[in-house]
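Report on one structure; see the data block that follows.
Bear in mind that the values here come from a model prediction, so they are computed numbers and not experimental data.
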Amino acid sequence: MEITLRSYQEEVVQAALKGENSIIWLPTGGGKTRAAVYVAKKHLETTRNAKVAVLVNKVHLVDQHFNNEFNPYLGKAYRVKAISGDSSDKDLFGRLVKDSDLIICTAQILENALNSSEEEKHVELTDFSLLIIDECHHTQKESVYNKIMGRYVEKKVRKERKLPQVLGLTASPGTGGNKTLAKAVEHVLQICANLDSVIVSTKNYASKLKEVVPRPRKQYDIVEKRALDPFGDHLKLMMSLIHEFMPSTVSRSLREVGTQDYEADVVELEKTGVKEENRLITQCALHLRQYNDALLIHDTVRMVDAFNVLDEFYNSRSNKLLDGTDFFLQGLFDENRVELKQLALDARYENPKLAQLQRTLLKEFKENKMSRGIIFSKTRRGTHCLYDWVNANHELQKVKISAGILTGTGTGVNHMNQNKQKNTIKDFRLGHLNLLISTSVAEEGLDIAECNLVVRYGLLTNEIAQQQASGRARALNSVYSVVAEEGGRELRREFTNEYLESLTSNAIDQVQSMSPREFRIKITELQQTAVLIRIEAERKKDARKRRYSPDQVHLQCRGCFVFVGLGEDIRKIENSHHVNINPEFQRHYRTGKQVFLEKTFEDWEPGQVINCRKCGKDWGMEIKFKKVAILPCLNIKSFSLDTPGGKFTHKQWKDVEFQVTEFDFIDYMSSRFPDLDLDD
């Protein structure tokens with residue numbers, strides 16, 4: 001199939017066609033991926049022993065790029081293969097690379113393969129002649145893209161040869177949160193240095209680009225704050241009673257309730273309680289976070305949604321009461337439950353943002369029966385609450401609004417599996433659905449039908465997300481609506497993002513106007529600095545990993561502080577799953593429901609949920625390894641680590657300060673069944 005490019009696409013691929021490393025900067029809907037397919041085709045045609053890797057940052061983009069772009073145009077002449085974390089092929093990645101001309105995969109799969117010592121899985125960067133990096137503005141800080149490109153830049157600084165050509169794709173590199181032109185220029189230069197690339201955009205055909213990607217009409221749908229808020233006031237009263245239950249020095253340090261700042265404060269407070277083994281503080285902090293979540297939901301969707309969050313939380317805990325703190329907190333909710341529910345159902349005090357959202361939707365869907373829209377909401381729970389509201393709203397049903405939810409993949413309650421995600425997008429494209437209620441997953445990369453209405457509802461995001469969301473409104477005469485409270489944080493952030501969008505453009509102009517020599521000198525300086533920082537960070541990381549001997553580290557349940565094992569009992573499987581191999585550990589937990597995962601794994605399958613026998617805290621799940629060994633697989637967030645240097649909590653196992661060795665199946669089976677002779 002022949003690839004035809006528009007004039008502005010032809011302009012932005014010129015550097016890549018000359019074999020230069022470049023970042024293509026085009027807005028959402030401008031055809032960046034098609035331009036990349038064209039570059040890949042020319043590269044495969046003209047480069048001896050060419051091998052292309054297309055890297056994406058989200059699983060669903062692997063199949064999308066394969067089915068919609070690379071395979072239709074290149075599949076007949078070349079061996080094109082798509083591999084994601086859901087593919088069983090990923091375990092043979094090294095072999096597949098050898099047998100393919102073009103591989104599309106998540107960046108994490110390439111990173112795993114670069115780290116792997118197994119011949120079937122391992123690859124080197126020099127095995128490829130071209131790397132195409134989608135949504136390349138993520139190539140910064142600790143991202144997987146930047147880990148891959150960090151290796152690349154280090155090899156370049158060491159003057160190693162045969163490095164692949166790099167092609168980055170982005171709708172916006174952003175300003176990195178900077179608000180001055182000089183700092184924004186530094187950020188753009190850093191992205192260029194990380195990708196070892198110049199940044200290119202259309203100069204001669206900007207008017208043609210505007211025709212193809214028209215800007216939507218932006219409108220601010222502003223609502224006044226609730227005049228009276230008895231439900232919210234009652235929640236705040238209950239929170240104040242919990243504050244009084246805690247030591248006064250603790251409650252005085254907390255910021256305003258119902259804000260992200262308050263959430264950050266109670267998260268830190270819970271960690272402090274764990275370190276001090278003060279269960280009163282840890283439990284009060286956990287419960288205050290639930291109340292704060294309810295206030296944030298109350299500010300965004302219906303009062304009944306906020307009530308349900310608390311009701312579900314307390315129903316799940318009512319049979320796990322350990323001490324006086326638990327009885328106080330459970331009793332406080334139980335005593336106020338009936339009154340809270342009555343207030344939540346009083347329509348006089350409902351969220352005014354929802355009334356405004358209803359007016360915005362009705363205007364578009366009444367005027368145009370073929371309307372398509374997306375509502376962007378902050379959280380997965382928020383999308384489900386809005387979906388319930390749309391389906392329960394008689395006025396919206398009258399204009400035939402058919403809504404669907406689109407959120408990220410995962411295994412949690414409000415996550416979607418990959419098939420459900422694909423089906424939702426397909427139904428939207430075919431017109432079976434005409435309104436998507438989505439988290440940020442639909443902002444970036446997804447091939448979604450053109451919309452004439454995009455609504456950002458109660459969102460606090462950066463200028464990149466704002467531009468990508470706006471780019472979803474690609475139909476002629478489309479509307480981009482911001483539903484927000486007068487004088488609220490969302491409105492202030494939206495105005496800031498408009499300024500930062502303009503600042504990004506000015507920063508790119510300034511970088512592009514640098515002389516080639518000035519640009520090269522600056523990029524080389526940034527790269528050399530980055531390599532030195534990376535080497536030092538790796539050295540510190542290795543030292544941190546060996547700070548304590550595994551037998552010095554005591555694991556305690558984060559819910560009740562009971563001692564449950566030692567660091568020397570922990571082993572890792574596939575460098576990501578951490579199991580306790582001590583048979584004594586079993587007496588500390590109970591098993592619950594069977595876990596079902598969409599993915600299948602090479603050596604193991606999920607078993608049952610496990611919970612602390614004393615307090616009921618969720619610890620993770622059992623896994624069945626090679627169909628014979630039942631091993632408890634632990635979530636580090638459920639434990640605190642007591643070390644000679646103090647007590648610590650961690651979000652990820654990679655942050656622990658002791659060496660975790662790889663699980664040895666033969667050694668494990670030999671220790672469990674000493675009569676087995678496994679040496680012969």
Side-chain angles (χ1 to χ4, degrees), residues 28-29 58-61 63-65 67-68 216 221 300-302 305 353-354 356-410 412-459 465 468-483 598:
T28 301
K58 297 211 173 96
V59 172
H60 53 255
L61 296 178
D63 284 345
Q64 179 180 295
H65 284 351
N67 293 326
N68 298 2
D221 292 324
T300 310
V301 282
R302 298 173 300 178
D305 297 314
K353 288 180 192 168
L354 288 172
Q356 179 57 59
L357 179 58
Q358 178 178 311
R359 287 192 290 273
T360 301
L361 291 172
L362 286 175
K363 185 175 186 300
E364 291 302 317
F365 282 85
K366 270 182 179 175
E367 288 177 3
N368 180 1
K369 304 295 182 194
M370 302 302 291
S371 280
R372 299 271 184 91
I374 302 180
I375 302 172
F376 285 106
S377 180
K378 184 185 175 188
T379 64
R380 294 185 185 96
R381 187 185 284 274
T383 62
H384 284 263
C385 293
L386 285 170
Y387 175 78
D388 292 341
W389 170 75
V390 167
N391 286 336
N393 188 303
H394 299 302
E395 294 301 312
L396 297 180
Q397 294 309 302
K398 276 185 198 172
V399 295
K400 302 286 191 292
I401 289 181
S402 176
I405 292 170
L406 188 63
T407 63
T409 55
V413 176
N414 291 318
H415 287 76
M416 298 181 86
N417 63 39
Q418 209 181 336
N419 283 335
K420 205 166 180 184
Q421 213 179 49
K422 283 181 195 169
N423 291 336
T424 298
I425 294 164
K426 183 181 176 185
D427 286 344
F428 188 65
R429 197 175 291 127
L430 294 173
H432 304 321
L433 300 173
N434 54 18
L435 180 67
L436 280 185
I437 304 169
S438 177
T439 54
S440 60
V441 70
E443 286 172 348
E444 198 170 78
L446 270 179
D447 181 24
I448 290 172
E450 289 185 352
C451 297
N452 59 297
L453 174 66
V454 167
V455 181
R456 280 169 64 81
Y457 185 80
L459 276 180
Q468 288 171 328
S470 171
R472 291 292 160 209
R474 298 209 290 269
L476 206 59
N477 302 317
S478 56
V479 172
Y480 173 78
S481 161
V482 179
V483 176
E598 188 186 26

Open item on the list: Within the supplied structure, the quantity of interest is the number of heavy atoms (other residues, nucleotides, ligands) at a distance under 6.0 Å from Lys420 NZ; does it exceed 12?
Closed with: no
Open item on the list: Does Asp221 form a side chain to side chain contact (heavy atoms under 4.5 Å, CB included) with Lys353? I'd like the steps, not just the answer.
Closed with: CA-CA 9 Å; Asp221 292 324; Lys353 288 180 192 168; over 6 Å; no
Tell me the closest heavy-atom pair linking [X] and [Y], and the distance in Å.
X: Leu433; Y: Gly404; answer: CD1-CA, 3.9 Å
X: Gln397; Y: Asn391; answer: NE2-CA, 3.6 Å
X: Ser371; Y: Asn452; answer: OG-ND2, 3.0 Å
X: Val390; Y: Ala403; answer: CG1-CB, 4.0 Å

Atom [atom1] in [X], atom [atom2] in [Y]: separation rounded to 0.5 Å?
X: His60; Y: Gln64; atom1: NE2; atom2: CD; value: 7.0 Å
X: Leu386; Y: Phe376; atom1: CG; atom2: CZ; value: 13.0 Å
X: Arg359; Y: Leu357; atom1: CZ; atom2: CG; value: 10.0 Å
X: Asn423; Y: His432; atom1: CG; atom2: NE2; value: 10.5 Å

Does any non-hydrogen side-chain atom of [Y] lie less than 4.5 Å from one of [X]?
X: Ile375; Y: Leu361; result: yes
X: Val483; Y: Arg456; result: no
X: Leu406; Y: Thr439; result: no
X: Phe365; Y: Lys400; result: no
X: Ile374; Y: Leu453; result: no
X: Thr360; Y: Ser481; result: yes
X: Tyr457; Y: Lys378; result: no
X: Glu395; Y: Val399; result: no

Task: Residues Leu362, Leu396; criterion side chain to side chain contact (heavy atoms under 4.5 Å, CB included); working and verdict - done: CA-CA 7 Å; Leu362 286 175; Leu396 297 180; 3.9 Å; yes
- [ ] Examine Arg372 relative to Phe428 and say whether NZ or CZ is less than 6.0 Å from the centre of the six-membered ring and inside a 45° cone about the ring axis.
- [x] yes
Task: N/O donor-acceptor pair under 3.5 Å between Gln421 side chain and Thr407 backbone - done: yes
Task: Under 3.5 Å donor-acceptor, Asn368 side chain and Glu364 backbone - done: no
Task: Asn434 versus Ser402, side-chain donor and acceptor atoms under 3.5 Å - done: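 The criterion, which ignores hydrogens and geometry beyond distance, is not satisfied for Asn434 and Ser402.
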